[in-house]
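Take a look at the structure below.
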2 protein chains.
Amino acid sequence: MPRAGLSRERLIEAAIALTEADGFVALNLAALARGFGVKLASLYAHVRNVDDLKAEVALNALRRLADMVDEAIAGRAGRDALYAYAEAQRDFALVHPGLFEAARHPLSEEIAMQSAGVRIARASRAVFRSYALDDADQVHATRLLGSFLLGFVLLERSGSFAHSAPEAADSWARGLESLHMAISGWAEKDSKQ
Amino acid sequence: MPRAGLSRERLIEAAIALTEADGFVALNLAALARGFGVKLASLYAHVRNVDDLKAEVALNALRRLADMVDEAIAGRAGRDALYAYAEAQRDFALVHPGLFEAARHPLSEEIAMQSAGVRIARASRAVFRSYALDDADQVHATRLLGSFLLGFVLLERSGSFAHSAPEAADSWARGLESLHMAISGWAEKDSKQ
DNA sequence: GCAAAAAACTAAGTGTATTAGGATAAAAAC
DNA sequence: GTTTTTATCCTAATACACTTAGTTTTTTGC
């Protein structure tokens, strides 16, 4: 029998495709092996275990999200940058729900520190530097916006917003504008030091 | 051999204990059966399947969270109520991390509609009624605060805030105060109609 | 062509979930 | 208090997913 031509890269690639198609929860080695027409145990020549593969998919998802965010905020500042940053993340979550789940997969300390996750955090800080916030307030603002983004997307995707009158999109716009106004207000105090 | 004395209620009770001890992800029928010194298959006389049990734990978690929230906001209004509502949820998540996970377990449409989840949402709307917001704005505010709460707690618990300078608690206070101020501002417009 | 390396396989063990059917302890009916 | 019935719990078997160990077989490099 000819060989399937597996490699770590091809496995990761297929894992990403599977995640996009069926969600991160559906990602498992058995399904992957079936896709390649190969026995399950054969995958272990290229991957340490399931979690190794999942971590790799998570890192890739973070990288793609970071790319979108970086591109979105490039050349923008203030309110414009905040909206671009936020919309990029929400778009990513809606277009690539599986990868969005993957991006939330818990990673080990060291791995997380070298992941594209820090690039996403850095982008947020850059946005708020353009609001003329001091260092501490950049962090506070990043956490405030990041919390809202994550929570909103999770609730929206879980259908929590589907059964009350105003559209989720309206609440999104309302929330973003409120955060923009609130955080704008921080700048005055910061510049007074 | 004497009987173990299983029942649906005792199983659910044990499942909750297991969830509190080891987290919602660690909840499974096999572990539960071991705890009762009983064979795995025996549980099926009392529970339809794993998901039946998980849903039951989720409903219980929602009920307990709703109880805490209701008690926290009782007799309060405005900023006071908002803080009580928010702190109740964050406290619950920090004290009962397993149950907090469980409360986020996806439920079917009809089940969710009759769960204590609606009580939590109703409590939030009550808080914002005391801000003198109209109906639509009560929903927007509920979504804004709910998103922030959920996102913040998830990020805090995943360690995302552990490696930047200001304490997570400071950001929490900052975020809450900002939301309070922002949403307070909505009231004027609403009363002008 | 042959030896070494790598790819894929077989085999075996572990853990969880689930169904079907049987044994029996406990409860209900008489 | 026996008998009948019910419900509890068990054994057995199946289905998947993950993992390790050891073996065959294809490539590749000399």
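It should be emphasised that the depicted structure is a prediction, and the values quoted were computed from it without experimental measurement. Just so it is clear: chains get the letters A, B, ... in the order the sequence lines come, proteins before strands, and each one is counted from 1.
With hydrogens and angles ignored, the 3.5 Å screen pairs a side-chain donor or acceptor of Thr19(B) with a backbone N or O of Ala15(B). A distance-only check finds a donor-acceptor pair linking the side chain of Gln138(A) to the backbone of Leu133(A) [under 3.5 Å]. With Ser164(B) contributing its side chain and Phe161(B) its backbone, the two residues share no donor-acceptor pair below 3.5 Å.
If you take CG of Leu53(A) and P of dA17(D), they are 15 Å apart, rounded to a whole angstrom. Across the protein-nucleic acid pair, Lys54(A) atom NZ and dA17(D) atom P stand 12 Å apart, rounded to whole Å.
Taking CG of Leu150(A) as the reference point, atom CG of Leu155(B) lies at 5.0 Å (rounded to 0.5 Å).
Considering only residues two or more places apart in sequence or on other chains, His105(B) meets the ring pair (Phe, Tyr, Trp, His ring centres under 6.0 Å) condition with Phe24(B). The ring pair (Phe, Tyr, Trp, His ring centres under 6.0 Å) test applied to Phe100(A) returns no partner, not counting sequence neighbours.
Residues of residues 37-52 of chain A having a heavy atom closer than 4.0 Å to DNA chain D, listed by number: Leu40(A), Ala41(A), Tyr44(A), Asn49(A), Val50(A). Of the residues in residues 11-35 of chain A, not one comes within less than 4.0 Å of DNA chain C through any heavy atom.
Among residue pairs with one or both ends in residues 127-151 of chain B, those qualifying as ring-ring contact (aromatic ring centres under 6.0 Å, His included) are Phe128(B)-Tyr131(B), Tyr131(B)-His180(B), Phe148(B)-Phe152(B), Phe148(B)-Trp172(B); sequence neighbours excluded. The stretch residues 50-81 of chain A participates, sequence neighbours left out, in no ring-ring contact (aromatic ring centres under 6.0 Å, His included) pair at all.
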